[in-house]
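Note that the numbering runs from 1 along the sequence shown for the chain.
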Amino acid sequence: MKHPYISDENFESTDFTQKTLEKGEYENCTFRNCNFEYLDLSGFDFNDCEFTDCNLSMVKLAGTAFRDVNFKGCKMFGLQFNDCNEFGLSFRFEGCSLNNSVFYQASLKKIVFKDSKLIEVDFTECDLSNAVFNNCDFSGAVFDNTNMEKSDLRTSVNYLIDPSQNRLKKAKFSLSEIHGLLYKLNIEIDKNS
């Protein structure tokens with residue numbers, strides 16, 4: 001069964017838990033103030049789309065394609081991005097809450113997270129090389145065997161990253177958050193001096 005192709009459409013203030021979003025390929029579409037909570041978006045394709053002030057929490061993403069997709073001000077709790085279609089996977093997050101989401105083994109080279117909450121997010125075995133994390137909160141986030149080479153975390157806070165378990169060559173960090181790299185050494189760092 002062939003799925004429809006939807007292009008250049010604007011969806012505003014739509015509750016897709018009450019009104020069905022047709023499964024298909026969406027290109028150059030905008031979704032503003034829409035509710036997708038708990039929906040099954042498995043197999044959907046989103047190309048050059050923008051989601052602004054939407055609730056995408058607990059959405060199912062098996063085989064979902066996100067290619068050049070921007071998320072702004074979205075609530076995105078508990079998403080399994082590791083289930084997405086890997087081909088061309090690329091997105092940008094600005095002002096989003098991605099708490100408890102999983103990016104396990106995802107290739108996210110050059111990804112940008114700006115002003116976002118990444119609380120208890122799982123980045124295990126991700127490729128985050130050349131990624132930019134601008135003003136993000138990593139409280140409880142998991143980094144294990146993660147490639148963070150040349151990534152930029154200078155304006156982000158609350159990360160705990162073990163340099164012996166992750167690739168950090170030429171990654172950028174701020175001096176004020178250096179304790180997040182040294183926590184395993186069980187040493188005391190005076191933040192006031």
Side-chain angles (χ1 to χ4, degrees), residues 3 11 14-18 20-27 29 31 34-133 136-148 151 153 156 158-161 165-167:
H3 295 295
F11 300 89
T14 306
D15 186 349
F16 291 113
T17 65
Q18 305 298 319
T20 304
L21 180 66
E22 197 171 10
K23 185 175 186 174
E25 182 177 350
Y26 292 81
E27 184 160 351
C29 292
F31 300 88
C34 295
N35 183 22
F36 299 87
E37 192 171 28
Y38 288 99
L39 285 186
D40 187 350
L41 296 180
S42 297
F44 280 66
D45 285 357
F46 297 99
N47 303 303
D48 297 306
C49 291
E50 186 168 297
F51 293 81
T52 303
D53 299 324
C54 293
N55 182 0
L56 294 126
S57 294
M58 304 304 293
V59 165
K60 289 185 180 142
L61 299 174
T64 305
F66 289 114
R67 297 181 185 102
D68 295 317
V69 174
N70 289 321
F71 295 97
K72 294 181 180 175
C74 293
K75 182 179 173 186
M76 309 175 78
F77 294 169
L79 297 184
Q80 303 283 326
F81 288 100
N82 53 307
D83 291 340
C84 288
N85 181 337
E86 292 178 26
F87 180 75
L89 184 67
S90 66
F91 28 56
R92 177 186 174 98
F93 300 93
E94 185 174 338
C96 294
S97 293
L98 291 117
N99 303 357
N100 301 104
S101 291
V102 177
F103 290 94
Y104 176 70
Q105 291 186 332
S107 180
L108 304 172
K109 295 176 184 177
K110 299 183 181 179
I111 191 168
V112 175
F113 289 90
K114 183 177 180 186
D115 301 321
S116 294
K117 294 195 182 305
L118 301 167
I119 297 169
E120 297 185 7
V121 169
D122 186 354
F123 289 110
T124 299
E125 297 183 22
C126 276
D127 186 348
L128 296 172
S129 56
N130 294 290
V132 176
F133 297 96
C136 294
D137 183 351
F138 286 103
S139 298
V142 177
F143 297 92
D144 187 22
N145 199 24
T146 304
N147 180 358
M148 301 183 72
S151 60
L153 289 89
S156 292
N158 299 324
Y159 47 79
L160 297 176
I161 302 171
Q165 299 296 318
N166 298 281
R167 292 169 48 193

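- The two atoms that bring Asn166 and Asn145 nearest to each other are OD1-N, 3.2 Å, heavy atoms only.
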N/O donor to acceptor pairs below 3.5 angstrom from side-chain atoms of residues 79-91, sequence neighbours left out:
residue : atom : partner : partner atom : Å
Asn85   : OD1  : Phe87   : N            : 2.9
Ser90   : OG   : Asp68   : N            : 2.8
Ser90   : OG   : Asp68   : OD1          : 3.1

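- In this structure, the side chain to side chain contact (heavy atoms under 4.5 Å, CB included) partners of Thr52, at least two apart in sequence or on a different chain, are Arg32, Glu50, Lys72.
- Shown here for Ser101 and Gly78, the closest heavy-atom pair between the two residues is OG-N, 3.6 Å.
- In this view, Tyr159 and Phe173 satisfy the ring-ring contact (aromatic ring centres under 6.0 Å, His included) rule, not counting sequence neighbours.
- Take Phe143 and apply the ring-ring contact (aromatic ring centres under 6.0 Å, His included) test, not counting sequence neighbours, and it matches Phe123, Phe138.
- Residues meeting the side chain to side chain donor-acceptor pair (under 3.5 Å) test with Arg167, sequence neighbours left out: Glu149.
- Every side chain to side chain contact (heavy atoms under 4.5 Å, CB included) that Ser57 has, sequence neighbours left out, goes to Glu37, Asn55, Lys75, Phe77.
- With contacts defined as side-chain heavy-atom distances shorter than 4.5 Å, the pair Leu118/Phe133 qualifies.
- The shortest non-hydrogen separation linking Met148 to Ser151 is O-OG, 2.6 Å.
- Applying the side-chain hydrogen bond (donor to acceptor under 3.5 Å, both in side chains) rule to pairs touching residues 103-121 yields Asn100-Glu120, Gln105-Glu125, Asp115-Asn135, sequence neighbours excluded.
- Taking the side chain as every heavy atom from C-beta outward, Asp137 and Ile119 approach each other to under 4.5 Å.
- With sequence neighbours excluded, the residues that form a side chain to side chain donor-acceptor pair (under 3.5 Å) with Ser129 are Asp127.
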query = How far apart are the C-alpha atoms of Ile111 and Leu128, what are their side-chain angles, what is the distance that settles it, and do they pass the side-chain contact (heavy atoms from CB on, under 4.5 Å) test?
reply = CA-CA 7 Å; Ile111 191 168; Leu128 296 172; 4.3 Å; yes
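- The one candidate from Phe46, Phe93, Phe113, Phe36 that meets the ring-ring contact (aromatic ring centres under 6.0 Å, His included) condition with Phe71 is Phe93.
- When side chains are defined from C-beta on, Asn70 does not count as touching Glu94, because their heavy atoms never get closer than 4.5 Å.
- With sequence neighbours excluded, the residues that form a side chain to side chain contact (heavy atoms under 4.5 Å, CB included) with Glu22 are Pro4, Tyr26.
- Partners of Asn47 by side chain to side chain contact (heavy atoms under 4.5 Å, CB included), not counting sequence neighbours, listed by chain and number: Glu25, Glu27, Asp45, Arg67.
- Residues meeting the side chain to side chain donor-acceptor pair (under 3.5 Å) test with Asp122, sequence neighbours left out: Thr124.
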message = Pair Leu61, Phe44 - check side-chain contact (heavy atoms from CB on, under 4.5 Å), show working.
response = CA-CA 8 Å; Leu61 299 174; Phe44 280 66; over 6 Å; no
